[in-house]
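Scroll down for the structure; my scribbles are underneath it.
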Amino acid sequence: MRKLWITLTYVVFILLLIIPLVEIVRGSWSEGWSGFTEGLLRQQSLHALKMTALIVVIVTVLNTLFGVMLALYLVRAKWIGPRIKRLLNSLVDLPFAVSPVIGGLMIVLILGPSTVIGTFFEASGFKIVYALPGMVLATLFVTFPLMVREVLPVLQEIGAQQEEAASTLGAYSWYTFWQVTWPSIRWGVIYGVVLTVARSLGEFGAVLVVSGNIMNKTQTATTLVYQDVENFNVVAANGVALVLAAFSVGLLLLMEWAKKRKEVH
Amino acid sequence: MHIEVRNLNKSFGDFHAVQDVSFDIKKGQLIGLLGPSGGGKTSILRMLAGLESPSSGDIVFHGKRVNDLPPQERGIGFVFQNYALFKHMTVYDNIAFGLKVKKQTKEQIRERVMTLVELTGLKGFEHRYAHQLSGGQRQRVAFARALAPEPQLLLLDEPFAAIDAKIRTELRTWLKEMIERVGITSIFVTHDQDEAIEVADEIMIISKGRLEQKGSPWAIYKDPQTPFVASFIGESTIVEDVGALKGFDSAAGKPGTKALIRPEYIEIGKPGEIRLASAALEANVKHIHFRGSEWLVELEVGSVKLVTYRSLEKDVLQPGDRVHVLVHRAYLFNDQESWIQENSLKEDPMPIHI
Ligand SMILES: Nc1ncnc2c1ncn2[C@@H]1O[C@H](COP(=O)(O)OP(=O)(O)OP(=O)(O)O)[C@@H](O)[C@H]1O
Ligand SMILES: [Mg+2]
């Protein structure tokens with residue numbers, strides 16, 4: 001019986017992961033090396049990959065800063081009442097519950113060009129929706145819980161006593177954070193970063209809605225793959241997908257490593 | 001440093017954890033905070049440290065109100081119950097932490113840390129991490145770390161709670177010596193009354209958020225001011241029916257009066273052993289327990305149960321033996337008052353004049 005389950009797991013694993021991956025590799029190489037490079041070196045491919053990289057970097061930096069900060073406030077701040085903490089705590093999970101497409105739609109509805117806020121920003125020359133800021137915002141929305149959910153339990157577990165000890169020894173919060181808190185949450189944060197990178201690399205729905213998918217302007221790697229598939233440009237789609245997949249495998253390995261370190265510390 | 005606390009209160013939500021606590025501590029004294037669990041000892045200590053802010057009341061160090069001063073600026077050292085060592089730092093770095101914060105030079109830090117390492121007997125352990133130390137060693141690191149920046153007041157929250165009985169006695173003697181040598185005002189919390197009695201210059205008994213009594217261990221033992229203190233310090237049994245005891249008739253007349261009797265207030269002997277036979281009661285030995293250096297004897301006087309000690313040098317009693325019991329004194333209390341009374345029959349009722 002147990003053997004059957006194990007076999008079944010392998011079958012599902014192969015069906016869902018390995019076969020598509022092999023197909024992607026085959027597809028991207030079906031016209032040889034030149035077909036692969038041609039698909040990848042198109043202007044829109046390079047631009048889309050650049051956009052994706054840009055979003056990943058910005059979102060990861062912002063999410064790390066805000067995620068760690070929010071986790072610290074939720075666990076440590078005395079001036080936030082327990083009720084508000086509970087409310088914020090459940091709000092953090094909202095992006096897990098809401099479909100990314102809906103998340104993107106909310107951003108369009110609030111900040112789109114036809115809204116008050118959107119018009120205000122546009123008037124001052126700062127476009128949000130159908131531009132990079134909106135895409136960053138959408139990706140940030142989707143990835144926000146990842147960092148908070150990694151760091152918060154670690155903070156809860158280590159407790160406030162080491163930090164309190166530091167304060168009685170004369171250390172103020174900034175010094176205490178770097179000398180006492182950071183070494184304990186470091187691996188949690190790194191794991192959160194890896195998760196955030198992975199998620200923002202692959203984000204599709206929210207970005208599609210917010211970006212408008214304008215080629216060479218607001219197109220990301222994932223939305224480009226989508227468009228290529230729509231246009232039956234299978235070789236190019238596979239090429240870009242392969243690049244994304246390669247990154248994912250790399251991240252997966254990194255994740256395993258970070259997870260191990262996290263458990264040790 | 002001289003410490004004054006005036007009408008200190010602390011509420012957590014609608015729970016009143018510390019109620020109207022006031023006290024004074026003279027410079028250089030070692031004070032023991034003693035009381036049952038949940039009494040508010042830690043809360044008081046944390047407010048002194050600035051880790052918790054009082055709901056009302058004043059905390060005054062050296063004549064200066066420090067309520068609004070953050071912990072960083074109060075010049076205190078705090079030893080936490082579970083030590084709270086910085087777990088990713090070595091012993092050396094733990095002790096050096098408070099000095100680094102003060103931006104002292106490397107040489108100054110080195111010198112001070114090594115002095116403390118020597119003082120606390122941690123030589124050779126400087127490069128270990130907290131998890132590579134025994135409980136007693138951790139306790140010393142926590143102590144050295146708190147002392148390093150030369151605080152004016154040392155606060156210790158159950159510093160020996162996690163240490164076994166044998167090392168505990170060693171450590172507390174060590175701690176007392178150390179504190180005397182450094183000459184620093186110190187307050188320590190404990191559950192263990194022997195510890196408080198042995199180490200402290202003065203004891204404060206805290207119960208249900210109130211300061212029941214403050215005084216030297218002897219004063220508290222000899223002259224407890226509330227029934228709670230009387231029953232909390234030392235061993236004792238409460239006798240509801242004072243009339244059953246010979247020699248306390250005047251108290252039995254006051255309605256609702258109960259007696260608290262310590263084992264050391266009671267003398268027992270085989271018939272004839274007690275000189276003041278007229279004051280003695282007849283009793284039945286119920287159980288005896290060996291207590292290492294003496295016997296603990298449980299007695300029954302009619303329906304009243306009493307407990308006392310008996311020296312190992314005397315004849316061994318057996319359960320069921322008939323003995324004579326003399327109650328020398330009792331701590332008596334009712335709703336209005338409490339007092340200590342000597343057995344009135346001890347002055348021989350019919351003195352013989354020669
Ligand atoms: N942060 C808090 N929130 C709510 N209640 C608290 C908090 N801290 C303490 N209390 C309550 O205040 C009371 C006093 O707590 P405190 O820790 O001062 O007791 P203690 O005398 O140190 O007890 P113990 O000897 O068990 O350590 C307890 O009933 C506790 O439940
Ligand atoms: Mg406590």
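Residue numbers begin at 1 in each chain, while the letters A, B, ... track the order of the sequences. What you see is a predicted model; the values in this text were computed from it and never measured.
Neither the backbone nor the side chain of B/Pro151 comes within less than 4.5 Å of any heavy atom of chain A. Both the backbone and the side chain of A/Ala166 come within contact range of chain B, each with at least one heavy atom under 4.5 Å from a heavy atom of that chain. Only the backbone of B/Leu85 comes within contact range of chain A, with heavy atoms under 4.5 Å apart. Interface remark: A/Tyr172 contributes backbone and side-chain atoms alike to the contact with chain B (heavy atom separation under 4.5 Å). Both the backbone and the side chain of B/Arg145 come within contact range of chain A, judged by heavy atoms closer than 4.5 Å. In this structure, the portions of A/Gln179 lying under 4.5 Å from any heavy atom of chain B include both its backbone and its side chain.
Surrounding CD of B/Glu111 are at most 12 heavy atoms belonging to other residues, nucleotides or ligands under 6.0 Å away. Counted within 6.0 Å of CD on A/Glu157, heavy atoms from surrounding residues, nucleotides or ligands total 12 or fewer; the atom is thus considered open. Taking a 6.0 Å sphere around CZ of B/Arg65, one finds it holds more than 12 heavy atoms contributed by other residues, nucleotides or ligands. Annotation: A/Lys50, atom NZ; neighbour count of heavy atoms from other residues, nucleotides and ligands within 6.0 Å does not exceed 12. In the displayed structure, A/Phe120 atom CZ is contacted under 6.0 Å by at most 12 heavy atoms of other residues, nucleotides or ligands. For B/Phe23, the CZ atom is densely surrounded, since the number of other residues' heavy atoms within 6.0 Å is greater than 12. More than 12 heavy-atom neighbours from other residues, nucleotides or ligands sit within 6.0 angstrom of CZ on A/Phe204.
Within the model, atoms OG1 of A/Thr176 and CZ of B/Phe97 stand 5.5 Å from one another, a figure rounded to the nearest 0.5 Å. A distance of 11.0 Å separates CG of B/Leu153 from OG1 of A/Thr168, quoted to the nearest 0.5 Å.
Looking only at side-chain heavy atoms (C-beta outward), B/Val101 and A/Leu169 stay at 4.5 Å or farther from each other.
Of all non-hydrogen atoms in A/Ser184 and B/Lys87, the two that sit nearest each other are OG-CE, 3.9 Å. The heavy-atom pair separating B/Phe86 from A/Gln162 by the smallest distance is CE2-O, 3.2 Å. Counting all heavy atoms, side chain and backbone alike, B/Leu51 lies closest to A/Lys78 at O-NZ, 2.8 Å.
With hydrogens and angles ignored, the 3.5 Å screen pairs a side-chain donor or acceptor of B/Gln72 with a backbone N or O of A/Ala171.
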